[in-house]
Amino acid sequence: MGRSAASNRRFAIHESLIRDFTYQLRLLLSQSYLLQESLKIMLSINSQKKMVKLIRLIQERLGEGKSFADSLENIQSIDHFYLMMVKSG
């Protein structure tokens with residue numbers, strides 16, 4: 001199975017993890033860290049397996065050239081409204 005096929009699989013996480021992810025990312029981005037730097041920092045400070053898996057999946061998708069919003073697709077607990085908010089900036 002190729003790299004892109006693996007990154008297109010659905011990934012299920014709890015809504016509270018999405019909330020924690022969003023909060024942490026917001027804090028780092030508000031301090032002028034770039035997205036990739038923020039994800040790297042988040043990866044280094046998180047010990048929750050699902051959070052680490054989520055961050056790595058997003059990093060992989062970004063590495064494939066996908067936008068941040070596109071890298072959040074197929075993550076089960078992220079709804080359409082959340083994706084539209086990310087796309088709109």
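Numbers here simply count residues along the sequence, with the first being 1.
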(request) With sequence neighbours left out, write down each residue that passes side chain to side chain contact (heavy atoms under 4.5 Å, CB included) with Glu15, or none if nothing qualifies. (result) Ser77
(request) Count the heavy atoms belonging to other residues, nucleotides or ligands that lie under 6.0 Å from OH of Tyr82, then report whether that count exceeds 12. (result) yes
(request) Go through the side-chain N and O atoms of Asn46 and Gln24 and say whether any donor and acceptor fall under 3.5 Å apart. (result) yes
(request) Output, in order, the C-alpha distance, side-chain angles, deciding distance and verdict of side-chain contact (heavy atoms from CB on, under 4.5 Å) for Arg61 and Phe68. (result) CA-CA 8 Å; Arg61 290 176 178 178; Phe68 179 60; over 6 Å; no
(message) Please report the interatomic distance CD1(Ile58) to CG(Leu72), rounded to the nearest 0.5 Å.
(response) 5.0 Å
(request) Kindly give the heavy-atom pair with the smallest separation between Ala69 and Leu83, and that separation in Å. (result) O-CD2, 3.5 Å
(request) Kindly state each residue pair satisfying salt bridge (charged side-chain N to carboxylate O under 4.0 Å, His left out) with at least one member in residues 31-41, sequence neighbours excluded. (result) none
(request) In sequence, state the C-alpha distance, the side-chain angles, and the governing distance for Asp20 and Met51, and then conclude on side-chain contact (heavy atoms from CB on, under 4.5 Å). (result) CA-CA 9 Å; Asp20 293 345; Met51 180 72 87; 3.9 Å; yes
(request) Could you note down all residue pairs passing salt bridge (charged side-chain N to carboxylate O under 4.0 Å, His left out) where residues 75-89 supplies at least one of them, sequence neighbours left out? (result) Glu73-Lys87
(message) Does Leu34 form a side-chain contact (heavy atoms from CB on, under 4.5 Å) with Leu29? I'd like the steps, not just the answer.
(response) CA-CA 6 Å; Leu34 300 175; Leu29 293 174; over 6 Å; no
(request) Applying side chain to side chain contact (heavy atoms under 4.5 Å, CB included), name anything that partners Ser16, two or more places apart in sequence or on another chain. (result) His14, Arg19
(request) Quick one: pull up CG in Leu17 and NZ in Lys53 and give me the separation to the nearest 0.5 Å. (result) 12.0 Å
(request) Measure the spacing between OG of Ser38 and CG of Leu27 and express it to the nearest 0.5 Å. (result) 10.0 Å
(request) Would you list the pairs meeting salt bridge (charged side-chain N to carboxylate O under 4.0 Å, His left out) in which at least one residue belongs to residues 27-36, sequence neighbours left out? (result) none
(request) Give the intermediate values and the outcome of side-chain contact (heavy atoms from CB on, under 4.5 Å) for residues Leu28 and Leu39. (result) CA-CA 9 Å; Leu28 291 165; Leu39 292 172; over 6 Å; no
(request) Using side chain to side chain contact (heavy atoms under 4.5 Å, CB included) as the criterion, list what pairs up with Leu43, not counting sequence neighbours. (result) Val52, Ile55, Arg56, Gln59
(message) With rounding to the nearest 0.5 angstrom, report the CD1 to CD distance, Ile41 to Gln31.
(response) 10.0 Å
(message) Just verifying a value: how many Å separate Ser71 OG and Leu35 CG, rounded to the nearest 0.5 Å?
(response) 7.5 Å
